[in-house]
Amino acid sequence: MFILPLALMIYAFIDCLNTSEEDTKHLPKIAWVFIILLFWVVGSIGWLFAGKVRHSSAGGAGFSSWQPGGRRQQWVAPDDNPDFLKSLKDDKDDRAAERAAAEEEERGRSEGGTGPDDKTPPTS
């Protein structure tokens, strides 16, 4: 009977300390800390239900998960992020161009031609 309210109070206290000042509701953060510490059960339950702005889950399409510009705030998986996929394509194109240039240079050297790194002038 003593451990459960103590655990609830410790959880609420740590949660309150880790919450930013902007996410606290109704009272300043320091007031919530004192309420939780002075009134174990009531203060902890009050904090859990009325003290903190709760954000909707990632799966929910609640209003709070949308930014004013119409973009979602939540994290997007890399394979669903068009900017990330575009950067992969750009990297792949850059590597292919570098590989083609290196192969062309190597082909020129193997055929006896002069490459850009050759120091000897061509013979006439």
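Numbering of residues begins at 1 and proceeds along the displayed sequence.
- Interatomic distance, CD1 of Ile14 versus CE of Met9, reported as 9.5 Å (0.5 Å rounding).
- Classification of the Trp40-Phe2 ring pair by plane angle, with boundaries at 30° and 60°, yields tilted.
- Formation of a donor-acceptor pair under 3.5 Å by the Lys29 side chain with backbone atoms of Ser20 is not found in this model.
- Cluster membership check: Leu17 shares its hydrophobic cluster with Leu38, using side-chain heavy-atom separations under 4.5 Å among Ile, Leu, Val, Met, Phe, Trp and Tyr.
- Hydrophobic clustering, with ILVMFWY side chains joined whenever heavy atoms are under 4.5 angstrom apart, groups Leu48 together with Leu6.
- When hydrophobic clusters are built by joining Ile, Leu, Val, Met, Phe, Trp and Tyr residues whose side-chain heavy atoms come closer than 4.5 Å, directly or via intermediates, Phe34 is not grouped with Tyr11.
- Nearest heavy-atom pair, His26 versus Ala50, reported as atom, atom and distance to 0.1 Å: CD2-O, 2.9 Å.
- Phe49 and Leu4 end up in different hydrophobic clusters when Ile, Leu, Val, Met, Phe, Trp and Tyr side chains are linked at under 4.5 Å.
- Considering CG of Asp15 and CG of Leu8, their distance stands at 10.5 Å, rounded to 0.5 Å.
- The shortest non-hydrogen separation linking Ile36 to Gly43 is CG1-O, 3.7 Å.
- To the nearest 0.5 Å, atom CH2 of residue Trp32 and atom CG of residue Leu37 are 13.0 Å apart.
- Distance OG1/Thr19 to NZ/Lys25: 12.0 Å, rounded to 0.5 Å.
- Remark: Ile3 CD1 is loosely packed, at most 12 non-hydrogen atoms of other residues, nucleotides or ligands lying under 6.0 Å away.
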* To do: Let me see the working for Glu104 and Arg107 under salt bridge (charged side-chain N to carboxylate O under 4.0 Å, His left out), right down to the final yes or no.
  => CA-CA 5 Å; Glu104 183 66 32; Arg107 216 175 300 130; 2.9 Å; yes
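- Interatomic distance, Trp47 CH2 to Leu27 CG, rounded to the nearest 0.5 Å: 10.0 Å.
- The distance from the SG atom of Cys16 to the CD1 atom of Ile30 is 8.5 Å, given to the nearest 0.5 Å.
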